[in-house]
Amino acid sequence: MARRPATSPRKNASQERSKATVDTLLAATARVLVKEGYDRASTNKIADAAGVSIGSLYQYFPTKEALVAAVIRRHMGEMMDVLRASLVRVAAMPLSEAARELVRVFIEAHRIEPKLHRVLV
């Protein structure tokens, strides 16, 4: 049976500089995915796009899959933030208004980085 690639980060960034490095890596991963697609993306391309050494990348993420999983978690979190903010508003609305508002909000959530969303989906 084939071994599944690791999708969890090696370690969590706790210091500001480490957090900035991880943010840079995730932003670079998103850019490379949009430009190259998943199959052509690699940790070397991501490290290069981030302007960090491959060793720094591997310090936080063991595989390309771990980077992509982190990008997916971040992207879904951004979408969920938009949705959560609307749930309080729609709870007090009549059903027909609430349904229209939820459709509008789902569309708004899907407009967050639409090119990246297409690659991830």
Side-chain angles (χ1 to χ4, degrees):
M1 179 165 31
R3 190 166 171 235
R4 294 173 64 186
T7 57
S8 298
R10 281 192 198 277
K11 68 178 186 177
N12 291 322
S14 57
Q15 297 178 346
E16 290 304 313
R17 186 172 163 202
S18 298
K19 289 178 184 176
T21 299
V22 168
D23 287 343
T24 299
L25 286 166
L26 295 180
T29 301
R31 287 192 310 274
V32 170
L33 287 171
V34 168
K35 183 179 177 186
E36 304 278 341
Y38 178 81
D39 290 335
R40 295 190 63 211
S42 69
T43 52
N44 285 321
K45 288 179 183 179
I46 293 166
D48 187 50
V52 302
S53 71
I54 193 70
S56 292
L57 181 149
Y58 284 128
Q59 184 177 5
Y60 297 100
F61 298 97
T63 61
K64 172 178 83 169
E65 291 80 10
L67 280 158
V68 173
V71 168
I72 290 170
R73 282 190 295 275
R74 179 175 281 188
H75 183 68
M76 294 304 292
E78 291 170 354
M79 292 177 70
M80 290 305 297
D81 288 345
V82 170
L83 297 172
R84 277 189 207 100
S86 72
L87 290 177
V88 174
R89 284 194 321 268
V90 300
M93 292 179 175
L95 185 57
S96 63
E97 287 179 40
R100 276 195 285 289
E101 178 63 10
L102 284 175
V103 168
R104 187 194 67 72
V105 170
F106 271 89
I107 291 169
E108 179 184 338
H110 279 85
R111 287 186 177 149
I112 297 171
E113 297 189 61
K115 290 179 181 176
L116 175 62
H117 189 80
R118 262 192 298 281
V119 171
L120 297 177
V121 172

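Atom CZ of R73 sits about 15.5 Å away from atom CE of M80, to the nearest 0.5 Å. Atom CD of E101 and atom CD of E97 lie 9.5 Å apart (nearest 0.5 Å). Note that CZ of R74 is 12.5 Å distant from CG of L120, once rounded to the nearest 0.5 Å. Between the CD1 atom in I54 and the CD1 atom in I46 there is a gap of 8.0 Å [rounded to 0.5 Å]. Distance OG/S53 to CG/N44: 11.0 Å, rounded to 0.5 Å. Interatomic distance, T24 OG1 to L57 CG, rounded to the nearest 0.5 Å: 11.5 Å.
Residues L25 and A50 come closest through the heavy atom pair CD2-CB, 3.9 Å. Minimum interatomic distance between L33 and V119 (heavy atoms only, all atoms of both residues): O-CG2, 3.7 Å. Here the closest non-hydrogen pair linking K64 and D39 is NZ-O, 4.1 Å. For S86 against L102, the heavy-atom pair with the smallest separation is OG-CD2, 4.1 Å.
Side-chain atoms of V105 and V90, non-hydrogen and from C-beta on, never get closer than 4.5 Å to each other. Side-chain contact between V22 and F61 is present, with at least one heavy-atom pair separated by less than 4.5 Å. Residues E113 and V34 form no side-chain contact, since every pair of their non-hydrogen atoms from C-beta on lies 4.5 Å or further apart.
Using cut-offs of 30° and 60° for the angle between ring planes, the H117 and H75 rings count as tilted.
Taking a 6.0 Å sphere around CZ of F106, one finds it holds 12 or fewer heavy atoms contributed by other residues, nucleotides or ligands.
When each of R104, H110, R111 is paired with E108, the side chain to side chain contact (heavy atoms under 4.5 Å, CB included) condition holds for R104 and for no other.
The backbone N or O of A49 sits less than 3.5 Å from a side-chain atom of R31, completing a donor-acceptor pair.
By the 4.0 Å N-to-carboxylate-O rule, K45 lies too far from D48 to be salt-bridged with it.
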